[in-house]
Amino acid sequence: MEPFQVGAFLTAGILVITGLWAVIMMDNMLKKVIGANLIGDGVNLVLIGIGYRPGGLVPEVTHHFHATAVPSSFSHFLAFNEFANQASYSLPFALVLTNIVIGASTLSVMLALSVVLYHKYHTLSVQKIFEGMEEDD
Amino acid sequence: MFNSTLIPLMVVFPLIAAVLVNFMHQKDRSVKIIAIVSSIVVILVPLMTLYGVHLFSGHIRTESFPEISKLLIPDVYMGIVYSYGALQKILLALLTVVTVFVVMLSINRKLISGVYVAMIFISLASVSAIILADDFFNFFVFTEVLTVAQAALVIAVKETKSHKAAFKYMIFGNISGGSILLGIALLIGVYGLLNMTDLSNAIKAGGALQPVALTAVALITVGWLYESGLFPFHIVKSNMYENALPETAALLQLQSKFVLVAMSIALLRIFSGYPLLKSVMLGFAIFTVVIGSVMGLQQTDLRKLLSFVAVGQAGLVAMGIGLGTPFSISAGVFHAINDVLSMAILFFVAGFILESYKTTKLDQLGEGLQKAPLVGLIMLLATLAISGVPPFNSYQSEFRLIQSAVQAGYPELGILVILLSVATFVAIIKAFYMIFMKPGTNTQADPKVRGTMHKTIIVILIVMCLFIGLFPNIIYDPIYNVIVALGV
């Protein structure tokens, strides 16, 4: 395992634990939302660490494909097998991109709900908001 | 196997329909037309599609495996794959039928228009993708999309308690989503794969699971518990059911049970050589059955009562799957199909009662038989159906569950199934008495509510229950064959 990966996994662990602690222990609704988001960020970092290859090619870099490119621009391209041996593994990065999009949408829904509940109760304390759960019925 | 081009339509078409109705929000006539046309199409597509696989990236590779996993496996499916067989057909046919019923009821409501129907179609697309997907990438993405869509369906009720329920659901959904994705990340780290068939082959070829892979199993199992609404997430799930409109709750419980089935089969396929997984599933299922039935007995609100009964029944499905024999897994899946039908009837009855009386609190209701004798009769039949009384469908699946528990060497679980049936019967028959037979009422029924659509739908569903009860092998045999073929 590379030093970068060790650092990434450790940081990810700290992010996930901090996120879980915020979700479970903190009373502030917004802190819970931020904690839930930190968990997702930690998982993204694990994925990035897994996809890392020291000195590897990045498959997504396509700066050769500009409008004025001529056939000779591609003459130095590697054969597929050679490229595959040197490229970083792109599957985890695809997952990270997807998770970022999903994370943004869930975050926005949670924040919108927080705003609605704040307008109703004039507090961000989860304990105060949810203690009236039975009374609402 | 055909590379059927219609398979992705089962996911893509509901998504297109969702975009269209969302775009037409507040133009009720347009929403209605698009929703009706889309409903017809979504019902027809699973019936017209040939069994087979759809490879999004084009081809099946038969050469050596990518170097990254250091394993040689023939028939590697590259990219995203959807598999469509007999089991998927049965699940999708039922899913689309109930979804269409809910869409029909929703477009009748003046207050709920485009966005609401769009969320129903998005949830349909998500569950379809989860049922069809043969890779963890799709699985993860669509479970997350499903969480957001389900939360949105509950938020649409526009009551504070529904907002609270949705908030809790989203927070736990985020933890569960993170858990599933972390599990997937660890599997990629060990095997470099996301495709379930490949993973299953790779794990079998690699011998005993490494500690990292075992952690992945545990993390994905946490996600499975949440998505299925099993203990300890049963409270979050039942809270969602009770705070949604009853018609929507009928759909939510169906989606949860089908996701339970799809995820369980995926987990058992991939980690079939790991017996502790089955024991863990069984343990959580038993807890859910006991807690669901006990909580159900204590409720005095019809929606809450049905929510806990639905959770308890999900535990029964998981119990069959957790027993781990082909017979018990088939019985569990069969029970999921039967149970969603019976529960849907009861939730639709609750929807009619809510529309007529503006409440589902049992102590405020009474003398319902005079107002709606047909609904009362159907509720009584649905109570018998869900309690496993012959000749209804749940009798067939519960009988098989008891038989499979005895065969697997756990006769005490057979007794638990019987006890759950009795508890379910007592809880719902109490509600039936309070709503339809109790003399005196605090609430007057709205004379304008005729509930023709509700009545039509519950009659269709009870006929389906009776049909499956009389001819169970039409549904059960294909399920058993698929389970045996999958080797779970």
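In what follows, every chain begins at residue 1, and chains take the letters A, B, ... in the order their sequences are listed. Heavy-atom basis, side chains included; hydrogens, waters and symmetry copies ignored.
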Identify which part of A:T106 has an atom lying under 4.5 Å from any heavy atom of chain B, answering side chain, backbone, both or neither. both
Can you say whether A:V16 sits under 4.5 Å from chain B via the side chain, the backbone, both, or neither, judging by heavy atoms? neither
Taking atom NE2 of B:H163 and atom OH of A:Y121, what is their separation to the nearest 0.5 Å? 10.5 Å
Looking only at heavy atoms, which two atoms of A:P92 and B:I188 are closest? And how far apart? CG-CG2, 4.1 Å
Output the option from A:V46, A:N99, A:V23 having the highest count of non-hydrogen pairs under 4.5 Å with chain B. A:N99
Option that, when pairs with chain B are counted at under 4.5 Å, heavy atom only, ranks first among A:V101, A:L47, A:V126, A:I39: A:L47
Hey, could you give me the CG/CG distance between A:L91 and B:L194, rounded to the nearest 0.5 Å? 4.5 Å
How many angstroms lie between atom CD1 of B:I171 and atom NZ of A:K32, to the nearest 0.5 angstrom? 7.0 Å
So for atom CZ, which belongs to B:F172, do other residues, nucleotides or ligands contribute more than 12 heavy atoms lying within a distance under 6.0 Å? no
Do the side chains of A:T98 and B:F137 get nearer than 4.5 Å, heavy atoms only? yes
Rounded distance [0.5 Å steps], CG in A:L111 versus CZ in B:F167: 8.5 Å
Given that the side chain runs from C-beta out, which part of B:V141 has a heavy atom under 4.5 Å from chain A: side chain, backbone, both or neither? both
Relative to chain B, which segment of A:I102 carries a heavy atom at a distance below 4.5 Å: side chain, backbone, both, or neither? side chain
Residue A:L20 versus chain B: region with a heavy atom under 4.5 Å: side chain
Only one of B:L181, B:I184, B:L219 forms a side chain to side chain contact (heavy atoms under 4.5 Å, CB included) with A:V43, so which one is it? B:L181
Are A:M110 and B:N174 packed together at the side-chain level, in the sense that at least one heavy-atom pair is separated by less than 4.5 angstrom? yes
Listing request: all ring pair (Phe, Tyr, Trp, His ring centres under 6.0 Å) pairs with a residue in residues 2-55 of chain A, at least two apart in sequence or in separate chains. A:F4-A:Y52
